[in-house]
Amino acid sequence: MSGNPYSWLEQSLETIHRADWYRTVQTIQSRPGATVVLEGREVINFASNDYLGLAGDERLVMAAAAALKEFGTGSTGSRLLSGHRQLHRDLEEAIAFLKQTEDAVVFSSGYLTNLGVINALVGKRDLILSDQYNHSSLKNGASLSGAAIIEYRHCNVEDLKIQLSQSRQNYRRCLILSDSVFSMDGDLCPLPALLELADQFGCMLLLDEAHATGVLGETGAGCVEHFGCGGKQLIQIGTLSKALGSLGGYVAGSATLIDYLRNRAPSWIYTTALSPADTAAALAALKIVLEEPPRRIQLWQNVAYLKQEVQRHLPNLKLLPSESPILCFQLSNAGDALKVGEHLKSYGIFAPAIRPPTVPTSRIRISVMATHKLEHIQKLVEALTALGD
Ligand code: PMP
C-alpha cells in the first residue's frame with residue numbers, strides 16, 4: 001500500500017467544517033475577570049469557570065509570585081522523586097479540611113485526576129456505571145480502565161437501579177461515576193439517591209465536584225455539603241482550575257483511599273508535580289473560600305438576578321433547568337448557536353456557543369461570576385432581548 005497515510009485528516013476536518021463543528025481559539029489579552037479584553041475589545045465575560053472571580057485576584061497573584069521567587073518555576077520531578085514540596089501537603093490538608101475528609105491528594109489537572117483514580121480503582125473484572133452526560137475525563141478514564149461500562153440515563157435513578165439489578169452480580173467491583181454539577185447543563189446529580197444505591201449494591205461512588213467546589217454548600221465544600229451528605233464513604237474529585245482560580249486537580253476521601261492512590265494512580269506517580277506557583281495560588285484561593293462567604297453569597301445573588309431578569313424580559317427564552325451558576329439555552333443547530341454567539345459578542349458579551357460532540361444539542365452557555373455587577377447582567381439581558389425570537 002502506498003499514498004499518504006494522513007490524507008484522512010483533511011477529509012475529517014472537512015466533515016467537521018461542514019457540520020459547523022470546527023473549533024477555533026479566541027485570545028484573551030488581559031487578566032481574567034468579570035470583564036476581559038478579547039481580541040482587542042473589552043467584553044463582559046460570561047464564558048469562564050472562574051465563578052468566584054479569583055483567577056485575577058491580587059492575593060492569588062502575590063501568593064503565586066512569592067512561591068515562584070522562593071521555589072522557582074518547575075517542580076522538576078514527580079511527587080515521589082524530586083517534585084514534592086511542603087506547599088503540596090499544605091494544600092492537601094486545606095482541601096481535606098474544606099471537604100471534611102481524612103485526607104486529600106493533588107494531581108496536575110482535574111482531567112488527570114479522573115484518569116488516574118478510575119484506573120487505580122477498577123479493571124477488567126469490574127463494572128462502571130456512568131451518567132450519560134458525564135465529563136469527558138470520566139468517560140475517558142472509564143474506557144482506559146478496561147472495566148465494562150454501562151451508561152445510565154442522565155440523572156435517572158430508576159435506570160441506574162435497573163442496570164445495577166441486572167448486572168452488578170456479574171462483576172467483582174463496581175464504581176458509579178457522576179458529575180455533581182453537570183458542566184454543560186448546570187443541573188445537579190441526585191446525590192442522596194446515588195449514595196443509597198451505592199450502599200444497596202455494594203458500589204464505590206466517585207463524584208466529580210469540579211464545578212461545585214467553592215460554589216455550592218454553606219462553606220463552599222460542594223454538592224456533598226449542599227445535600228448534607230458529608231462523612232459518607234464517597235470519593236470526591238475536583239479541580240483547582242475553576243472557582244479556585246488556579247490549575248490542578250484533587251481527590252478527597254478516606255486516609256486509606258488516598259494512601260492507595262499515591263501508590264497506584266499512574267497519572268499521579270508518573271507525572272511532574274504541580275508547580276509551586278499553581279499550588280500556592282490554589283492554597284490562597286482556599287483560604288479566601290473559607291474566610292469570605294460573602295463572595296459566594298454574591299455569586300448566588302447574581303445567579304438569582306439573571307434568572308429573574310430573563311423571566312421578566314424574555315419569557316420565551318427557555319433556560320435549561322439549573323441549580324448552579326451555569327445557565328444554558330438550546331438552539332436548533334450548531335450554525336445558529338455560532339450566530340447567536342457572534343451576535344452577543346457584537347454587544348460586548350462573551351458567552352460562547354457549545355456544540356456537538358461536546359453536547360448532544362447546540363447551546364449558549366452563560367457562566368455567572370461573583371464579580372459581575374448588576375449592569376453586566378442587564379447588558380447581557382439587553383443583548384439577548386435584541387435577538388428577538
Ligand atoms: N471534570 C469536569 C466536570 C470538568 O468540567 C472539567 C474541566 N472542564 C474537568 C473535570 C477537568 O478539570 P481540569 O480543567 O482541571 O483538567
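Every number for a ligand or one of its atoms is a count from 1 in the order of the listing.
Taking 4.0 Å as the cut-off between side-chain N and carboxylate O, E382 and K379 do not count as a salt-bridged pair.
Taking 4.0 Å as the cut-off, S241 counts as a neighbour of ligand 1 on heavy-atom distance. Heavy atoms of G248 come nearer than 4.0 angstrom to ligand 1 in at least one pair.
Using cut-offs of 30° and 60° on the angle between ring planes, the pair H376 and H372 is perpendicular. Between Y22 and H17, the ring-plane angle classifies as parallel under the 30° and 60° cut-offs.
Applying the 4.0 Å criterion to heavy atoms of H211 picks out, from ligand 1, the atoms 3 (C), 4 (C), 5 (O). Residue contact check: T239 has heavy atoms under 4.0 Å from atoms 12 (O), 13 (P), 15 (O) of ligand 1. Contact atoms of ligand 1 toward S137: 1 (N), 10 (C) (distance under 4.0 Å to a heavy atom of the residue).
When N134, D208, V181 are checked for heavy-atom proximity to atom 10 (C) of ligand 1, D208 turns out nearest.
Heavy-atom neighbours of F97 CZ from other residues, nucleotides or ligands within 6.0 Å: at or below the threshold of 12.
Counting only heavy atoms of the protein, atom 9 (C) of ligand 1 lies nearest to H135 CE1, 3.4 Å. Atom 13 (P) of ligand 1 has G110 N, 3.4 Å as its closest protein atom, hydrogens excluded (heavy atom only). In this structure, the protein non-hydrogen atom closest to atom 8 (N) of ligand 1 is K242 NZ, 3.0 Å. Atom 16 (O) of ligand 1 has as its closest protein heavy atom Y111 N, 2.9 Å.
Ligand 1 has no N or O atom lying under 3.5 Å from any N or O atom of A210, backbone or side chain. Note: no N/O pair closer than 3.5 Å links D179 and ligand 1 by distance alone.
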Before you tell me yes or no, could you show the steps for E292 and K287 under salt bridge (charged side-chain N to carboxylate O under 4.0 Å, His left out), namely the whole-Å CA-CA distance, both residues' side-chain angles and the distance that decides it to 0.1 Å? CA-CA 8 Å; E292 288 180 22; K287 193 162 176 285; over 6 Å; no

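Ring pair F182/H154: centre-to-centre distance below 6.0 Å.
In this model, no donor atom of one side chain and acceptor atom of the other lie less than 3.5 Å apart for S183 and Y133.
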